[in-house]
Amino acid sequence: MSTPVITATLHRRINGWFESEGRALPWREPECGAWGVLVSEIMLQQTPVVRVLPVWTAWMERWPTPRDLAAEPPAEVIRAWGRLGYPRRALRLQAAAAQIAGRHGNMVPDTAPELLALPGVGTYTAAAVACFAFGRPEVVVDTNIRRVHARLVSGRALPEKSLTAAEMDLARDLMPGEPDEACRWNASVMELGALICTARSPRCGQCPVAEVCAWREAGMPEPHYRPTGQAWAGTDRQVRGAIMALLRDAGRVPLGEIPERAAAAGTLGAHRPDSAQFERCVAGLLADGLASRDDEGPEPLLSLPG
DNA sequence: AATTCGGGGTC
DNA sequence: GACCCAGAATT
């Protein structure tokens, strides 16, 4: 597949590039701790670094250990999550914190299988925390690493639509043998994908491995498929987001006023959901624990939980 | 394997 | 206006 001589060159060049060009992100600092790394990885699931930074900083100051977060009412956690998106992640992070406080003595577990058992922690996040927080040479494969491997090694513009076993095998083959170097390699390749080997306009002129890139060697062929973008306008996700924005802002809203107030807030754009969609979305938020319903007053209220 | 689940910056 | 972002859980 790949000879040791070639991979050693990649290790040296990409890790060297990372040392001088990698960003000084707070969760990369040695004193950050595993809790900070875990929080960052959950927040970074489908959310760009620049948007996570301020929220992560405030979060860590407010809840320095898992136990602190676990003791908080969900409403506060949801509010602190702000507009990072996918607010179920906030509840899963709190549930993970409760497990860590209860079963692990308030210490983030240091192996991938234990991490994988936490809510909101999947294959990637478990490997990333084990690697970046504890120095374990796990196979870390995120969207950046997949794209770098597709281009650098496979000569294609984009990776497959879904993560394949072959990609995991390739990532394993490419990793340095020495654990510390392997962990740095994972961070380096990820950073290369984030800063240089980007999805749209790759900066090949600044790439430390452009001369050995299979994609460039092949003449930078176009993607063999057209990425189907996620629909947004009119979807339940947009309507749920609009309702959550109201709840974060006001704490609680009369159920009957949700349509007009969401429209007035502008979070729905030009979309005007029908009553069936509103009801479906409210039911979904209740089921997810992101909202609670209060029928004790003169009119039913929807509020943040806890 | 395919869907669902936010939100905003960027081209 | 389409595309993309340190994915996970569910079906």
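We name chains A, B, ... by the order of the sequence lines, and we start the count at 1 in each one. For the numbers below, each heavy atom of this structure counts, side chains included, while hydrogens, waters and symmetry mates do not. Since the model is a prediction, treat every value here as computed from it, not as a measurement.
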| message | Is there a path of hydrophobic side-chain contacts, each under 4.5 Å between heavy atoms of I/L/V/M/F/W/Y residues, joining A:Leu152 to A:Met220? | response | no
| query | Given atom NE2 of A:His271 and atom C1' of B:dG6, what is their separation to the nearest angstrom? | reply | 15 Å
| request: Take atom CG of A:Asp236 and atom P of B:dT3, then tell me their distance rounded to the nearest Å. | output: 15 Å
| said: For the P atoms, the ones on B:dG8 and on C:dA8, what distance do you get once it is rounded to whole angstrom? | reply: 23 Å
| query | Between A:Glu211 and A:Arg13, does at least one N-O distance fall below 4.0 Å, as a salt bridge requires? | reply | yes
| Taking atom P of C:dG1 as reference, at what distance in whole Å does atom CD of A:Gln238 sit? | 13 Å
| said: In this structure, how many angstroms lie between the C1' atom of B:dG8 and the CH2 atom of A:Trp81, rounded? | reply: 15 Å
| How would you label the contact of A:Arg248 with the nucleic acid (heavy atoms, under 4.0 Å): base, sugar-phosphate, or nothing? | sugar-phosphate
| said: Would you say CD of A:Glu260 has more than 12 non-hydrogen atoms from neighbouring residues, nucleotides or ligands within 6.0 angstrom? | reply: yes
| message | Any base atoms under 4.0 Å from A:Leu84, or only sugar-phosphate, or nothing? Heavy atoms, all strands. | response | base
| field | Of A:Ala245 and A:Leu163, the one whose closest DNA chain B nucleotide lies more 5' | value | A:Leu163
| note | Assert: residue with more 5' nearest nucleotide on DNA chain B, out of A:Gly241 and A:Ser201, is A:Gly241
| request: Measure centre to centre between the rings of A:Trp63 and A:Trp35, then say whether the value is under 6.0 Å. | output: no
| query | In terms of side-chain geometry, is the basic nitrogen of A:Glu191 or A:Arg28 positioned less than 4.0 Å from the acidic oxygen of its partner? | reply | yes
| request: Mark yes or no for a side-chain to base donor-acceptor pair under 3.5 Å between A:Arg237 and B:dG6, with no hydrogen or angle criteria applied. | output: yes
| query | If the sugar-phosphate is the primed atoms plus P, OP1 and OP2 and the base is the rest, what is the B/S/- string for nucleotides 3-11 of chain C, using protein heavy atoms under 4.0 Å? | reply | BSBBBSS--
| request: For C:dA6 and B:dT3, measure between their P atoms and round to the nearest Å. | output: 24 Å
| field | Rounded interatomic separation in angstrom, taking CG from A:Asp249 and C1' from B:dG6 | value | 17 Å
| request: Take the protein atom CG of A:Leu268 and the nucleotide atom C1' of B:dG6, then report the distance between them rounded to whole Å. | output: 13 Å
| message | Do the side chains of A:Glu76 and A:Arg62 get close enough for a salt bridge, i.e. N-O under 4.0 angstrom? | response | yes
| Can you tell me how far P of C:dA2 sits from OH of A:Tyr225, to the nearest Å? | 19 Å
| remark: Rounding to 0.5 Å, atoms NZ (A:Lys161) and OH (A:Tyr225) come to a distance of 7.0 Å
